[in-house]
*Asks:* 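Here it is, the structure in full.
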Amino acid sequence: LRDLIHKKDLRAEKYFMKAESSVIPALIEAFHRGNPDIRKSIAKILVMRKDRHITEPFIKLLLKDSDLGVRMVTLRELIRAKDPLAIEPLVETLSDMKRAGYVLRYLYDTKARNPILIDPLAKVLSEAPEPRIRKRAISILEDIEDIRVVGLLIKVLKKDKDRGVLYDA
């Protein structure tokens, strides 16, 4: 099993998602020895497993990984799973306006659409100095089917001064 993880074999991901909790030590070993690609695979596996009392500490470590790609894959998987663990790191990441554009582009490209994104994106709309970042937030919001999005877009129409942002809203 360890070899499958290290080779990034998709069968390993499927197996580990459904296997008993006794496989967790192999995942932990791979986590500590693995390169960023292996840690991305582990992020997918850990988010999908049901034994969160065991996996949650490792998910939190992955959210603070030194590799930005690992953090983004972990965050994306949490958003896809509609997991509340995604909210805090998402808000933290989006409040750093230097990284917000990258994160929004990543969320847009991976089609991560989920109502848990609404509040963090609302913060981006009200605080992002660059119109391109606000426009990207709008492009993600418009694909989320939630009544709160309408209220946010109305606020944008009332307050934003940028023509491109207003057009997108």
Side-chain angles (χ1 to χ4, degrees), residues 10 13-14 16-18 31 36-37 39-169:
L10 292 177
E13 284 185 14
K14 290 178 183 175
F16 279 114
M17 284 180 199
K18 295 178 180 171
F31 171 82
D37 287 336
R39 292 196 305 276
K40 289 174 190 175
S41 292
I42 292 171
K44 292 177 194 174
I45 294 166
L46 293 178
V47 169
M48 299 309 289
R49 289 190 56 90
K50 304 293 182 221
D51 48 4
R52 291 308 285 273
H53 64 287
I54 297 172
T55 61
E56 190 170 316
F58 294 99
I59 292 170
K60 289 180 178 178
L61 281 175
L62 288 164
L63 287 167
K64 296 181 184 307
D65 196 276
S66 60
D67 184 86
L68 181 61
V70 172
R71 293 192 308 268
M72 292 299 99
V73 167
T74 306
L75 193 55
R76 180 194 69 211
E77 294 302 319
L78 288 168
I79 291 167
R80 284 183 175 165
K82 298 181 182 180
D83 192 312
L85 266 181
I87 296 172
E88 185 179 324
L90 183 61
V91 170
E92 182 181 308
T93 304
L94 289 175
S95 56
D96 176 357
M97 290 303 154
K98 291 177 186 170
R99 292 189 297 173
Y102 171 80
V103 174
L104 290 172
R105 186 176 69 244
Y106 182 82
L107 291 174
Y108 182 80
D109 292 345
T110 58
K111 303 205 182 308
R113 307 293 189 269
N114 189 305
I116 67 170
L117 294 171
I118 293 173
D119 291 334
L121 291 173
K123 185 173 180 175
V124 169
L125 285 174
S126 66
E127 296 179 6
E130 295 181 43
R132 69 177 179 79
I133 292 175
R134 296 193 306 275
K135 289 174 68 172
R136 180 72 72 182
I138 289 169
S139 66
I140 295 169
L141 281 168
E142 67 190 9
D143 289 337
I144 299 174
E145 295 179 14
D146 190 297
I147 193 68
R148 295 174 293 166
V149 172
V150 175
L152 281 174
L153 296 178
I154 290 170
K155 282 183 186 178
V156 169
L157 289 170
K158 288 181 179 180
K159 294 183 179 184
D160 208 295
K161 305 282 189 253
D162 184 84
R163 284 184 164 191
V165 172
L166 293 173
Y167 179 79
D168 284 1

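Sequence positions, counted from 1, serve as the residue numbers for this chain. This is a predicted model, so every value here is computed, not measured.
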*Asks:* For the NZ atom of Lys60 and the CG atom of Leu46, what is their distance to the nearest 0.5 Å?
*Replies:*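 Here the rounded value is 13.5 Å.
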*Asks:* List the atom of Glu142, the atom of Asp168, and the distance in Å for their closest heavy-atom pair.
*Replies:*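 Taking every non-hydrogen atom into account, OE1-O, 4.1 Å.
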*Asks:* Does Asp65 come within less than 4.0 Å of Arg39, counting only side-chain N to carboxylate O?
*Replies:*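 A salt bridge links Asp65 with Arg39.
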*Asks:* Mind checking the CD1-CG spacing from Ile42 to Leu62? Nearest 0.5 Å is all I need.
*Replies:*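 One finds 7.0 Å between CD1 of Ile42 and CG of Leu62.
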*Asks:* Considering only heavy atoms from C-beta outward, does the side chain of Lys40 approach that of Glu77 to under 4.5 Å?
*Replies:*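 SC-SC contact between Lys40 and Glu77 ruled out.
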*Asks:* Of the options Asp67, Val73, Leu68, which is the one that meets Val70 in a side chain to side chain contact (heavy atoms under 4.5 Å, CB included)?
*Replies:*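 Filter result, single survivor: Asp67.
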*Asks:* Which atom names give the shortest non-hydrogen contact between Leu121 and Ala137, and what distance separates them?
*Replies:*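 Looking at all heavy atoms of both residues, the shortest contact is CD2-CB, 4.0 Å.
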*Asks:* Using side-chain heavy atoms (C-beta onward) and a distance below 4.5 Å, is Lys155 in contact with Ser126?
*Replies:*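 Contact flag for Lys155/Ser126 side chains = no.
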*Asks:* Would you say Arg134's side chain and Val124's backbone share a donor-acceptor pair under 3.5 angstrom?
*Replies:*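 Pair absent, no side-chain N/O of Arg134 close to backbone of Val124.
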*Asks:* Which heavy atom of Leu157 sits nearest to which heavy atom of Ala169, and what is that distance?
*Replies:*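 Nearest pair, atom of Leu157 first, then Ala169: CD2-CB, 3.9 Å.
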*Asks:* Please name the pair of heavy atoms, one in Leu75 and one in Pro89, separated by the smallest distance, quoted to 0.1 Å.
*Replies:*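 Closest heavy-atom pair between Leu75 and Pro89: CD1-CG, 4.1 Å.
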*Asks:* Report yes if some heavy atom in the side chain of Leu152 is under 4.5 Å from a heavy atom in the side chain of Ile138; otherwise report no.
*Replies:*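 Result no, sub-4.5 Å side-chain heavy-atom pair not found.
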*Asks:* Would you check if Leu63 and Leu78 make a side-chain contact, meaning some heavy-atom pair closer than 4.5 Å?
*Replies:*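 They are in contact (side-chain heavy atoms under 4.5 Å apart), so the answer is yes.
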*Asks:* Going through the checks in order, is the side chain to side chain contact (heavy atoms under 4.5 Å, CB included) test met by Leu141 and Leu125?
*Replies:* CA-CA 10 Å; Leu141 281 168; Leu125 285 174; 3.5 Å; yes
*Asks:* Any idea which heavy atoms bring Asp146 and Pro115 closest together, and the distance?
*Replies:*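 That closest heavy-atom pairing would be OD2-CB, 3.9 Å.
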*Asks:* If every non-hydrogen atom of Val149 is compared with every non-hydrogen atom of Ile118, which pair is closest and at what distance?
*Replies:*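 Of all heavy-atom pairs spanning Val149 and Ile118, the closest is CG2-CD1, 4.0 Å.
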*Asks:* Could you give the distance from OG1 (Thr74) to CZ (Arg71), rounded to the nearest 0.5 Å?
*Replies:*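 If I round to the nearest 0.5 Å, the distance is 9.5 Å.
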